[in-house]
Amino acid sequence: MKIKYFDFMIIVFFCFVSALLWGAKFIAKTEPTSAVIYYNQEKYTYDLNENQVLSIDSSGIHLTVRIEQGRVCVEEAWCPDQTCKKTGWIDKAGECIVCIPAGILIEIQQEKEAEYDALSG
């Protein structure tokens, strides 16, 4: 089976569009700005640019969370499986650390940039 010229041009076009979209993901990348910690049915937001150590007690389980150099980790956990501690450092938007026994979720988020359209200039 021989590829015709038109079929070849369609393949090249889709490869070009795919490469363009894939590259745009990295060009428009912004740095994550905050760590959001959910526990006890509350949401707590911490700046990733401020180095700090947090002590969290939830459901009888103690966690020590370290925020340092734009990244987050669970330094100490009193939960039985230690999965949250084994996750290690997270630093990319969308990454999470979860401690199911304590009911704690730590997520890295980035601030949304203002989007402009044709009307707003």
Starting from I61, can I reach I56 by hopping between I/L/V/M/F/W/Y residues whose side chains sit under 4.5 Å apart?
yes

Once rounded to the nearest 0.5 Å, what's the spacing between atom CZ of R66 and atom CD of Q52?
10.5 Å

Interatomic distance, Y44 atom OH to L54 atom CG [nearest 0.5 angstrom]:
11.5 Å

Not counting sequence neighbours, which residues clear side chain to side chain contact (heavy atoms under 4.5 Å, CB included) with N40? List them please.
S58

List the atom of I108, the atom of A35, and the distance in Å for their closest heavy-atom pair.
CD1-CB, 4.5 Å

Give me the atom names and distance for the closest heavy-atom approach of D91 to E95.
N-OE1, 2.9 Å

S18: which residues meet the side chain to side chain contact (heavy atoms under 4.5 Å, CB included) condition with it, sequence neighbours left out?
none

State the CD1-CD1 distance between I37 and I67, to the nearest 0.5 angstrom.
5.5 Å

From OG1 (T33) to CG (N49), nearest 0.5 Å:
8.0 Å

Using every non-hydrogen atom in the two residues, find where E75 and K85 come nearest and quote the distance to one decimal.
O-CE, 3.4 Å

Please confirm whether the backbone N or O of Q69 pairs with a side-chain atom of N51, one donor and one acceptor, at under 3.5 Å?
yes

To check you understand the geometry: which heavy-atom pair defines the closest contact between H62 and S55, and what is its length?
CE1-CB, 3.6 Å

Indicate yes or no: at least one non-hydrogen side-chain atom of T64 is less than 4.5 angstrom from one of V53.
yes

Spell out, yes or no, whether I106 and V98 are grouped together once hydrophobic residues are joined by side-chain heavy atoms under 4.5 Å, including indirect joins.
no

In this structure, would I97 and V36 fall into the same cluster of hydrophobic residues linked by side-chain contacts under 4.5 Å?
no

Could you measure the distance from the CG atom of L105 to the CD1 atom of I100? Nearest 0.5 Å is fine.
10.0 Å

Which atom names give the shortest non-hydrogen contact between Q110 and A93, and what distance separates them?
OE1-CB, 3.8 Å

For S59 and A102, which heavy atoms make the closest approach, and how far apart are they?
OG-O, 3.6 Å

Of C84, C79, C99, which meets side-chain contact (heavy atoms from CB on, under 4.5 Å) against V74?
C84

Same hydrophobic cluster for I11 and V17, using side-chain heavy-atom links shorter than 4.5 Å among ILVMFWY?
no

How many angstroms lie between atom CD of Q109 and atom SG of C96, to the nearest 0.5 angstrom?
8.5 Å

Cluster link Y46 to V72, ILVMFWY, side chain under 4.5 Å
yes

